[in-house]
Amino acid sequence: MGNAAEVPRVVCLIPAKGQSRGLPAKNLHPLCGKALVSWTIEQAIAADIGSVIVVTDDAAIAAVADRYGVAVYEEPADLAGDTVSMESVMAWVIDQCRQREGRVPDWLVVLQPTSPLKLSSHIREAWVIAKT
């Protein structure tokens with residue numbers, strides 16, 4: 001078996017802003033009895049391909065993520081706007097991982113909470129395809 005340095009670090013990144021122009025607090029909006037963001041967190045955990053990080057600017061979303069025991073990175077105000085690119089958020093998360101853990105992810109798997117019908121099997125299948 002290889003050493004730990006050879007094992008790729010995979011981070012499932014769930015970007016979950018508190019506000020939206022179209023539907024206020026959409027990531028907390030209930031869907032079948034759970035907050036929208038909960039569906040994605042559950043499937044990311046079940047996929048078991050890496051750690052799960054929820055990036056948010058909202059205390060209520062952070063509380064949901066805390067209940068699942070996943071990492072929460074508090075998004076700075078300059079990344080919370082509607083015009084901020086996903087690439088900017090991803091770069092910030094990579095930098096945060098470097099600062100907090102001394103290691104950057106080898107892979108970021110971005111899982112949008114506004115697409116709640118993805119299953120853990122879909123995430124695993126996509127991961128297998130991506131890494132080959």
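Computed from heavy atoms alone, side chains included, the values below leave out hydrogens, waters and symmetry copies.
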Distance-only donor-acceptor hits, side chain of residues 122-132, under 3.5 Å, sequence neighbours excluded:
{"from": "H122", "atom 1": "ND1", "to": "L119", "atom 2": "N", "distance (Å)": "2.9"}
{"from": "R124", "atom 1": "NH1", "to": "A46", "atom 2": "O", "distance (Å)": "3.2"}
{"from": "T132", "atom 1": "OG1", "to": "V128", "atom 2": "O", "distance (Å)": "3.4"}
{"from": "T132", "atom 1": "OG1", "to": "I129", "atom 2": "O", "distance (Å)": "2.9"}

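T40 and K118 share a donor-acceptor pair across their side chains, judged by distance under 3.5 Å alone. Using modelled atom types and a 3.5 Å distance limit, the side chains of R9 and S51 yield a donor-acceptor pair.
Using a 4.5 Å heavy-atom cutoff, the side chains of V54 and I41 are in contact. Looking at heavy atoms from C-beta onward, R103 lies out of side-chain contact with C97 at the 4.5 angstrom threshold. A 4.5 Å side-chain heavy-atom check between C12 and I53 finds every atom pair outside the cut-off. Residues Y68 and E42 meet the side-chain proximity criterion, which asks for heavy atoms closer than 4.5 Å. By the 4.5 Å heavy-atom criterion applied to side chains, E75 and V72 are not counted as neighbours. No side-chain heavy atom of P105 sits under 4.5 Å from any side-chain heavy atom of V10.
The line from CG of L36 to OG1 of T114 is 7.0 Å long, rounded to the nearest 0.5 Å. Interatomic distance, L79 CG to M86 CE, rounded to the nearest 0.5 Å: 10.5 Å. In this structure, S85 OG and M90 CE are separated by 9.5 Å, a value rounded to the nearest 0.5 Å.
A donor-acceptor pair under 3.5 Å is absent between the side-chain atoms of W39 and the main chain of C32, judged by distance alone. Judged purely by atom type and a 3.5 angstrom limit, T56 has no side-chain atom pairing as donor or acceptor with the backbone of I61. The main-chain N or O of A80 is never found under 3.5 Å from a side-chain atom of D57 such that the two would form a donor-acceptor pair.
When hydrophobic clusters are built by joining Ile, Leu, Val, Met, Phe, Trp and Tyr residues whose side-chain heavy atoms come closer than 4.5 Å, directly or via intermediates, I14 is grouped together with V109. V110 and I49 fall into different hydrophobic clusters, where Ile, Leu, Val, Met, Phe, Trp and Tyr residues are linked whenever their side-chain heavy atoms come under 4.5 Å apart, directly or through other members. Cluster annotation: V104 is not connected to V52 through the hydrophobic network of ILVMFWY side chains, with a link wherever side-chain heavy atoms come within less than 4.5 Å. Under the 4.5 Å side-chain heavy-atom criterion for grouping Ile, Leu, Val, Met, Phe, Trp and Tyr, V70 is not connected to W92 through any hydrophobic cluster.
Of all non-hydrogen atoms in Q112 and P15, the two that sit nearest each other are OE1-CG, 3.6 Å. Heavy-atom minimum distance, D58 versus G18: CB-CA, 3.5 Å. When all heavy atoms are compared, the tightest approach of S120 to Q43 is N-OE1, 2.6 Å.
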*Evaluate the side chain to side chain contact (heavy atoms under 4.5 Å, CB included) criterion for residues V55 and L13: first the C-alpha distance (whole Å), next the side-chain angles of each, then the deciding distance (0.1 Å), finally the verdict.*
CA-CA 7 Å; V55 175; L13 166 60; 3.3 Å; yes

_Set out, in order, the CA-CA distance, both residues' side-chain angles and the distance that settles side chain to side chain contact (heavy atoms under 4.5 Å, CB included) for V11 and D106, then state yes or no._
CA-CA 8 Å; V11 170; D106 298 302; over 6 Å; no

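Not counting sequence neighbours, K26 has no partner by the side chain to side chain donor-acceptor pair (under 3.5 Å) test. For D95, the side chain to side chain donor-acceptor pair (under 3.5 Å) partners at least two apart in sequence or on another chain are R98, Q99.
A 6.0 Å sphere centred on CD of E74 holds no more than 12 heavy atoms belonging to other residues, nucleotides or ligands.
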